[in-house]
Amino acid sequence: MVADIMKTYAPDLDTTGWWPPPAAQEAPRHLPPRSRLHLRAMDARDPGALSAVFDEYWPAYRKWFTRDDHPHSSLAESEAALREHMPELVPVWQSLVRELGKGDEIAARFLTEWNPPPLTSNCSQAVLGDGRLVRNYDYDPALFDAVVLRSAWLRPVIGTADQAWGLLDGMNDAGLIASFTFGGRPEVGVGFGVPLVVRYILETCTTTREAVSILRRVPIHVAYNVTVTDESGESATVFVGPNRDAKVTSHRVTTNHQGRVDWPEHAERFLSVERLDTLDRAVRHGEDVVDVMLRPPMRADRFADGFVTLYTAAYDNDTLEVTYHWPQAQWTQSLHGDLDGRLDVDLGASPMLL
């Protein structure tokens, strides 16, 4: 279906290796298409917790990671890239290779997140003036790890996990918050998957300026908009990706383009401009941004397109808590308090729509 859409809307676009995206082909699909999320909150220090999740998801991730249509880096190349660009994470990676990958060479490469197959999610995010970052994560529910992970590898961090130890969004004990959205460009280059870069920022930085320095130098293989905000209230959004230098901006609101629309077909299909205008207006007028995120056009329910708002997360660097919101539920997790272990959420669609 997505391939047909691309032929209709962008017949001249070279989509080799990019379209259809993994959501439409051999992505790390954990479950059949579903309208319910089964979320788990866990601490990486709990014996066996992370290993159990990895064992559950690894067959799907392995199939995705070893796709024949994607060039593969060797373990030596992957480890060298990690040592060059994120050396502080090397001991953690080595420990996870032993604990999760049990020494498997493919798992070791996967855990570096160096040159993985490209993934696109849509998403929206906004930095508010009260120390919060609010974001919608829009993706296919069957491709979502549905894990909130708290860890203390280099420092205490909590966030929404992806690819075992990467993060879609998160916060550390210094009150630094980071989140990303897809940047709306089809190019794929050489670099890391952005979830591990978000992990690296939160493990090693305390301020927005430190995070920006990392985003300027670490190569990222797909275009993303990475937003960071710290306890002082300083924030930045950095446009990263292949074939361009990172661009640091003061944007407090982002969707799925990088200032200008580079990929009109994608922006139109996934309402990037409309969502940006709606969110920007809400922030400027002092509206309840969480409430706005829970309504169209911000909230998506296009299951057939893999464009579904899986959660709205509000990170608070005063309380060091993250609250996940849905129209009918909310779920708060703390960096230092007890974790609220499990939650089932109905995304509001009949399975017949899937």
Side-chain angles (χ1 to χ4, degrees), residues 21-24 27-44 46 49-50 52-61 64 119-125 133-150 158-171 179-182 195 198 270 275 290-315 321-334 338-354:
R29 183 172 290 274
H30 306 315
L31 292 172
R34 59 191 179 181
S35 62
R36 294 190 68 85
L37 292 182
H38 306 287
L39 296 125
R40 290 170 283 186
M42 62 183 61
D43 196 309
D46 290 346
L50 194 54
V53 172
F54 188 82
D55 290 346
E56 178 183 347
Y57 289 166
W58 175 235
Y61 270 127
W64 165 73
L119 289 174
T120 63
S121 54
N122 289 298
C123 313
S124 311
Q125 59 198 17
L133 184 148
V134 179
R135 71 101 99 249
N136 271 7
Y137 183 67
D138 305 325
Y139 201 41
D140 185 329
L143 311 181
F144 178 41
D145 287 10
V147 170
V148 178
L149 183 64
R150 188 170 66 187
I158 191 168
T160 316
D162 186 65
Q163 298 177 49
W165 68 313
L167 293 170
L168 305 172
D169 41 70
M171 175 175 59
S179 176
F180 69 84
T181 68
F182 174 54
V198 171
F270 297 105
R275 286 186 286 117
V290 170
D291 185 57
V292 171
M293 287 285 210
L294 293 174
R295 304 193 310 264
M298 304 308 303
R299 183 170 180 81
D301 61 358
R302 286 164 32 189
F303 284 81
D305 292 337
F307 181 36
V308 181
T309 298
L310 303 186
Y311 62 83
T312 298
Y315 283 87
E321 292 179 334
V322 53
T323 299
Y324 296 86
H325 297 264
W326 298 268
Q328 77 282 25
Q330 65 182 49
W331 195 44
T332 298
Q333 305 295 342
S334 170
D338 293 337
L339 293 174
D340 186 2
R342 290 179 178 267
L343 181 72
D344 288 352
V345 174
D346 190 338
L347 294 175
S350 165
M352 297 298 292
L353 297 177
L354 307 177

For Q328 and V345: C-alpha separation, side-chain torsions, deciding distance, then whether side-chain contact (heavy atoms from CB on, under 4.5 Å) applies.
CA-CA 8 Å; Q328 77 282 25; V345 174; 3.7 Å; yes
Run the side-chain contact (heavy atoms from CB on, under 4.5 Å) test on D138 and R275 for me, step by step, so that the C-alpha distance in whole Å, both residues' side-chain angles and the decisive distance to 0.1 Å come before the verdict.
CA-CA 12 Å; D138 305 325; R275 286 186 286 117; 4.1 Å; yes
Passes side-chain contact (heavy atoms from CB on, under 4.5 Å), M42 versus L149? Steps please.
CA-CA 5 Å; M42 62 183 61; L149 183 64; 3.8 Å; yes
Can T332 and D340 be said to form a side-chain contact (heavy atoms from CB on, under 4.5 Å), step by step?
CA-CA 7 Å; T332 298; D340 186 2; over 6 Å; no
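For the pairing with R40, the side-chain contact (heavy atoms from CB on, under 4.5 Å) check across V148, D145, V53 returns one residue only, V53.
With hydrogens and angles ignored, the 3.5 Å screen pairs a side-chain donor or acceptor of N136 with a backbone N or O of M293.
Looking only at atom types and distance, the side chain of Y315 has no donor-acceptor partner in the side chain of S179 under 3.5 Å away.
In this view, R150 and D43 satisfy the salt bridge (charged side-chain N to carboxylate O under 4.0 Å, His left out) rule, not counting sequence neighbours. Looking at residues two or more places apart in sequence or on another chain, you find a salt bridge (charged side-chain N to carboxylate O under 4.0 Å, His left out) between D169 and R135.
Atom-to-atom distance recorded for R299:CZ and D291:CG is 12.0 Å, nearest 0.5 angstrom. To the nearest 0.5 Å, atom CG of residue L339 and atom CG of residue D46 are 8.0 Å apart. If you take CD on Q125 and OG1 on T181, they are separated by 5.0 Å, rounding to the nearest 0.5 Å. Rounding to the nearest 0.5 Å places CD of Q163 at 8.5 Å from CG of L168. From D162, atom CG reaches atom OH of Y57 across 10.5 Å, with rounding to the nearest 0.5 Å. The CG atom of L310 sits 6.5 Å away from the CG atom of L347 when rounded to the nearest 0.5 Å.
Contact annotation: the side chain of I158 never approaches that of E321 to less than 4.5 Å [non-hydrogen atoms, C-beta and beyond]. Counting heavy atoms from C-beta on, the side chains of F180 and L167 never come closer than 4.5 Å. The side-chain heavy atoms of P141 and F303, taken from C-beta on, include a pair separated by under 4.5 Å. In this structure, the side chains of S35 and D346 come closer than 4.5 Å at one or more pairs of heavy atoms.
Residues V322 and A313 share a closest heavy-atom pair of CG2-CB, 4.2 Å. For F54 against A164, the heavy-atom pair with the smallest separation is CD1-CB, 3.9 Å.
In D344, the CG atom is crowded: over 12 heavy atoms of neighbouring residues, nucleotides or ligands sit closer than 6.0 Å.
Between W326 and Y324, the ring planes are parallel. Angles under 30° get that label, and only those over 60° would be called perpendicular. Taking the six-membered ring where tryptophan is involved, the planes of Y311 and Y137 are essentially parallel, since the angle between them stays under 30° and well short of 60°.
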